[in-house]
Protein chains: 2
Amino acid sequence: MPDGSVKKPSRIQRRNRSAILDAALNVFSRHGYRGATLDQIASEAGLSKPNILYYFDGKEDIHVTLLSQLMETWLDPLVEMNPDGDPVEEILDYVQRKLAMAKELPRESRLFAGEILQGAPRIEPELKNSLKPLFDEKCALISAWIAQDRLPPLDPRHLIFSIWATTQHYADFESQVSLLLFEGEDPYANASAHLDAMFRKLLTR
Amino acid sequence: MPDGSVKKPSRIQRRNRSAILDAALNVFSRHGYRGATLDQIASEAGLSKPNILYYFDGKEDIHVTLLSQLMETWLDPLVEMNPDGDPVEEILDYVQRKLAMAKELPRESRLFAGEILQGAPRIEPELKNSLKPLFDEKCALISAWIAQDRLPPLDPRHLIFSIWATTQHYADFESQVSLLLFEGEDPYANASAHLDAMFRKLLTR
DNA sequence: TCGTGGATTTACCAAATGGTAAAAATTTCT
DNA sequence: AGAAATTTTTACCATTTGGTAAATCCACGA
């Protein structure tokens, strides 16, 4: 069995597991957990359904694996917020990193959004263990900056929520955004300028 | 047959149809379209499955009915934005109406978010017919205000996206928000102050 | 080259699910 | 009350879906 043992995975194992995860990311992000079928994932990965179940314990295992892997990438832009930098620029850079992430990894954004939307039934532990401590740490950092008068007084938690909401919106609500904007236009270029201006105004003076 | 004819619906029809729609709203908003089952909806509505199919043509019919009814309510806060009012106060009031909506109708917000997340497969026509014209109209209004120097220059479209994103976030990502905030705290009270301050700063000077 | 263990396919299955037909029950109208 | 129309239940059905058992295939090291 590929899982459970301590053996290092073979070439074939690495190739197939990542093919499955990539296919699953497509399917889960488009149709949600229940809307995705193993047959769809299998066909998109170019493998048979039983072959997929040779590599993963089941549908839920694939989904959880995907979410766990995603979590690290997802948190990275926030991790990079540097306590020693300039507060305004650090936060504005964070906004841009988060927006770039929505642009480059929209499938991941939608996978995550779908899971949270349904009450985070499969990722809650991960949220408590990874997201919460990081969130608290960065809220404390921003509070410290405010106490030093390097930022205007505001609620760090709702600031972060606003950053998350505005950046992820472009990936999660892409179908609505592209319907409302001119065709052929790149939403992200304008969003980048808009969000920079908005949060800059919020964070200065 | 209850549908298709022109007869006015009976007491029983109104009661049962609305019981079904309320139950369906619970189930669809919690589990998404594919994750919801007719049996769940039936049991939550206190009716049998075939009885539900007596009132609606099928699962999709229930879902579309729900989304169509929702659309009107959903658009209402934006409709109320008054061209003759003060630009800043009109937009700030809109933010508060939208936030109140997320607080009062979180199920509806999540139903809508789930549909958009999956590419709006069943509500796209409605978006084109109802949302798009209203969006364009209000964008033109804000542009006019800017041209009259009553608002600072900004992209009306992305302003509206930011309002949608930040307000709906509290309903759509409720499980994440409540996990990150202190227990027992009301997120909406603080969100209201935060968003008012943020958008006020953006819109003044 | 041949055996061995990992990889893949074939052939299934049980449960869940959306939906239907028709009988039975109930309400409504005269 | 009794006929007619509406509403609800009972008994199904076909398909989909997650998952399994076992046979077969195949890569690779000795």
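The residue R15(B) sits apart from the nucleic acid: no heavy atom pair falls under 4.0 Å. Nucleic acid contact for A36(A): sugar-phosphate only, since backbone atoms but no base atoms lie under 4.0 Å from a heavy atom of the residue.
Note on N51(A): every side-chain N or O is 4.0 Å or more away from OP1 and OP2 of dA7(C). Between R34(B) and the phosphate of dT17(D), there is a side-chain N or O to OP1/OP2 separation shorter than 4.0 Å. Side-chain N/O atoms of S48(A) include none lying less than 4.0 angstrom from OP1 or OP2 on dT8(C).
A 4.5 Å side-chain heavy-atom check between D76(B) and E72(B) finds every atom pair outside the cut-off. For the pair D22(B) and E44(B), the minimum side-chain heavy-atom distance is 4.5 Å or more.
Distance, I52(B) CD1 to dT6(D) P: 21 Å, rounded to whole Å. What separates OH of Y55(B) from C1' of dT9(D) is a distance of 13 Å, to the nearest Å. Atom CG of N16(A) and atom P of dC26(D) are 15 Å apart (whole Å). Atom CD1 in I41(A) sits roughly 12 Å away from atom P in dT17(D) (whole-Å rounding). Between H31(B) atom NE2 and dA16(C) atom P the separation is 15 Å, expressed in whole Å. Rounded to whole Å, the distance from CZ on R14(A) to C1' on dA7(C) is 16 Å. If you take CD1 of I62(B) and P of dG18(C), they are 10 Å apart, rounded to a whole angstrom. Here the C1' atom of nucleotide dT17(D) and the CZ atom of F28(A) are 13 Å apart, to the nearest Å.
Of the listed nucleotides (dG19(D), dG18(C), dT7(D)), dT7(D) has the atom at the smallest distance from the side chain of Q13(B). Side-chain proximity of Y54(A) to the nucleotides dT8(D), dA7(C), dT20(D) is greatest for dA7(C). Here the nucleotide nearest the side chain of T37(A), chosen from dT17(D), dT7(D), dG18(C), is dT17(D). For K49(A), whose side chain is taken as the heavy atoms from C-beta onward, the closest listed nucleotide among dA11(D), dG19(D), dT8(D) is dG19(D). For L53(A), counting side-chain heavy atoms from C-beta on, the closest listed nucleotide (dT20(D), dT8(C), dT8(D)) is dT20(D). Minimum atom distance to the side chain of L38(A) is reached by dG19(D), of the listed dT20(D), dG19(D), dT10(D). Nearest to the side chain of P50(B), among dT9(C), dT20(C), dT8(D), sits dT20(C).
Within the 3.5 Å criterion, the main-chain N or O of T37(B) finds a donor-acceptor partner in the side chain of Q40(B). Of the possible donor and acceptor atoms, none in the side chain of E108(A) sits under 3.5 Å from a partner among the backbone N and O of L70(A).
Side-chain atoms of H63(B) and R122(B) form a donor-acceptor pair, as typed in the model, at a separation below 3.5 Å.
In terms of heavy-atom proximity, A171(B) sits nearest to P106(B) at CB-CA, 3.9 Å.
Residue side chain K59(B) does not reach the base of dG19(C) through any donor-acceptor N/O pair under 3.5 Å, judged by distance alone.
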